Protein chains: 2
Amino acid sequence: MSVRTQPGPRERLLEAAHQLIYSQGVNVGVDALLKAANVARRSLYEHFGGKDGLIVEVLRSAAAADDADYRRTMDAAGDNPRERLLAVFDRLGEITATPGFHGCRYLAADLALTDPDHPAHEITRDYRRHVHDLLERELVTLGHPRPERGADQLLLLIDGTLAAGATRPGTDPAAAARELAECVIAP
Amino acid sequence: MSVRTQPGPRERLLEAAHQLIYSQGVNVGVDALLKAANVARRSLYEHFGGKDGLIVEVLRSAAAADDADYRRTMDAAGDNPRERLLAVFDRLGEITATPGFHGCRYLAADLALTDPDHPAHEITRDYRRHVHDLLERELVTLGHPRPERGADQLLLLIDGTLAAGATRPGTDPAAAARELAECVIAP
DNA sequence: ATATGTATAGACCGATCGATCTATCTACAT
DNA sequence: ATGTAGATAGATCGATCGGTCTATACATAT
């Protein structure tokens, strides 16, 4: 009967990479990742095959967490699709105001990994399509005339909010986007 | 009386870096830049002091060119502020559809240069404020009730368009943003 | 003709990159 | 007790990084 003293090297590495890759970018060195996770060099290659594999798993788990965050946010807003969608932008207001926030990790990864064949792009693409569908579903139940286009617009507002939150802090981009989101919801 | 055969090393380096840094990111190697520009290693340090100095000058000249592009686009649309602002999004439609487009170079630079003291950030910040003022001026002459907030929203739409153009090609984000820009212009 | 500017070519520096390797240690199952 | 799997520590690899250096070529101004 042993006490679970600390997570295994795989979990430690994932968590450390989650934070370090966000704060330092995907070009952060392997040494820095290993040191932050307090993990042996070999464990990285055993569990993830290499740095690229680690990057992919970090994005995959981050996407799962962010998806859960979207659902939690919308569910907490009740059943009204309008309120559920607007709640997303209130949540974005919290996220962009969080200390250490500096933009969308998926966009940062896409822009930094210039090789179009890097497997990370598939993760980010799937994640965006997933969020798009999440938004579109709400618009459908709202009776929106063009739910797919509407979801495009909401996703564009989300990306714009995260970009502005990173590059023009203090301008409350989430509130600005929320106003425009109302135009999307009630066209 | 000699024929101007080719620009000097400074101009060649700026032009090559303009293209290579956009396509490969700011982490592109110095060797690649020198080879693309066909310039001696020493010339880089003579003219720009180092790679960081080159990055800054590339962003500065790109900002000047993009500023001119905004003005040209708006002037070509006539005197009506509404038409002048909407023309920006039509232009974004062209830009995002251009082969080789993969996002906003200024946002990419900000996300890739994780050192907050890097001089490049000052260039991008000034450029955004400049574009913001450009948009705000049109809203003022339009009699917009909150021109500053409106310009925030238009800038957010621009950033969202460039992000979506890079990450979700084929969704015509410029047209989606143009619809929302109409909400901003006629609130 | 000569001196000066600026350019090129390329060796060279220490540091760091991602990745592979050996060797050792430990926890656990048999 | 022993074997096995997984973990750690760290040496080492070739490649590349940004930056400095020497040596040479060439244009122009004096």
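No hydrogens, no waters, no symmetry mates; every other heavy atom, side chains included, goes into these values. None of these values were measured; they are calculated from a predicted model. Proteins get letters first, then strands, A, B, ... in listed order; numbering begins at 1 in each.
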Checklist entry - Taking OP1 and OP2 of C/dT8, is either one under 4.0 Å from a side-chain nitrogen or oxygen of B/Ser43? => result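 Yes, such a contact exists.
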Checklist entry - Are any of B/His47's side-chain N or O atoms less than 4.0 Å away from OP1 or OP2 of C/dA7? => result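 Checking C/dA7 against B/His47, a side-chain N or O does come within under 4.0 Å of OP1 or OP2.
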[X] has an atom [atom1]; how far is it from atom [atom2] of [N], in whole Å?
| X | N | atom1 | atom2 | value |
| --- | --- | --- | --- | --- |
| B/Tyr45 | D/dT22 | OH | C1' | 16 Å |
| B/Leu44 | D/dT20 | CG | C1' | 13 Å |
| A/Phe48 | D/dG6 | CZ | P | 15 Å |
| B/Glu11 | C/dT6 | CD | C1' | 13 Å |
| B/Leu34 | C/dT8 | CG | C1' | 11 Å |
| A/Leu54 | C/dA19 | CG | P | 10 Å |
| A/Asn27 | D/dC17 | CG | P | 12 Å |
| B/Lys51 | D/dT16 | NZ | P | 15 Å |

Checklist entry - Does one side chain, of A/His18 or A/Arg105, offer a donor that lies under 3.5 Å from an acceptor on the other? => result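 Yes, side-chain donor-acceptor contact under 3.5 Å.
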Next on the checklist: Looking at A/Arg41 and C/dA19, is any side-chain donor or acceptor paired with a base atom of the opposite kind under 3.5 Å?
Outcome noted: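 Result: at least one qualifying N/O pair found.
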Checklist entry - If pairing requires Watson-Crick or G-U wobble contacts with both distances under 3.5 Å, which nucleotide is the partner of D/dA23? => result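 Because both required distances fall under 3.5 Å, D/dA23 counts as paired with C/dT8.
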Next on the checklist: Looking at D/dA11, which nucleotide sits across from it as a Watson-Crick or G-U wobble partner, both distances under 3.5 angstrom, or is there none?
Outcome noted: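 Matched D/dA11 with C/dT20 under the 3.5 Å cut-off.
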Checklist entry - Do B/Phe48 and B/Ile55 touch side chain to side chain, with heavy atoms closer than 4.5 Å? => result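 A side-chain contact is absent here, since even the closest heavy-atom pair is not under 4.5 Å.
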Checklist entry - Going by heavy atoms in the side chains, are A/Asp67 and A/Arg71 under 4.5 Å from each other? => result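 Side chain of A/Asp67 against side chain of A/Arg71, heavy atoms only: contact under 4.5 Å found.
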Next on the checklist: Quick check on DNA chain C: between B/Arg42 and A/Val28, whose nearest nucleotide comes earlier from the 5' end?
Outcome noted: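 So the residue in question is B/Arg42.
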Checklist entry - If each of B/Glu46 and A/Gly50 is mapped to the nucleotide of DNA chain C with the nearest heavy atom, which maps nearer the 5' terminus, i.e. the 5' end? => result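 Result: B/Glu46.
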Item to check | Nearest-neighbour nucleotide for the A/Asp31 side chain, D/dT8, C/dG18, C/dC17 considered | outcome: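 Looking only at heavy atoms from C-beta outward on A/Asp31, the closest nucleotide is C/dC17.
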Item to check | From D/dT8, C/dT8, C/dA19, nucleotide with atom closest to A/Pro9 side chain | outcome: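 For the A/Pro9 side chain, the nearest candidate turns out to be D/dT8.
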Checklist entry - Across the strands shown, which category fits B/Arg12 at heavy-atom distances under 4.0 angstrom: base, sugar-phosphate, nothing? => result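 Sugar-phosphate contact only.
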Checklist entry - Within the structure shown, what part of the strands sits under 4.0 Å from B/Asn38 by heavy-atom distance: base, sugar-phosphate, or nothing? => result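 Sugar-phosphate: the residue B/Asn38, judged by heavy atoms under 4.0 Å, touches backbone atoms but no base.
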Next on the checklist: Would you compute the distance between atom CZ of A/Arg10 and atom OG of A/Ser43 and round it to the nearest 0.5 angstrom?
Outcome noted: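 OG of A/Ser43 is found 12.0 Å from CZ of A/Arg10.
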Checklist entry - Under the rule syn = chi within 90° of 0, otherwise anti, which is C/dG5? => result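 That one's syn.
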Item to check | Set of side chain to side chain contact (heavy atoms under 4.5 Å, CB included) partners for A/Asp110, sequence neighbours left out | outcome: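 Partners of A/Asp110 by the side chain to side chain contact (heavy atoms under 4.5 Å, CB included) criterion, ordered by chain and then number, come out as A/His121, A/Thr124, A/Arg128, B/Thr167.
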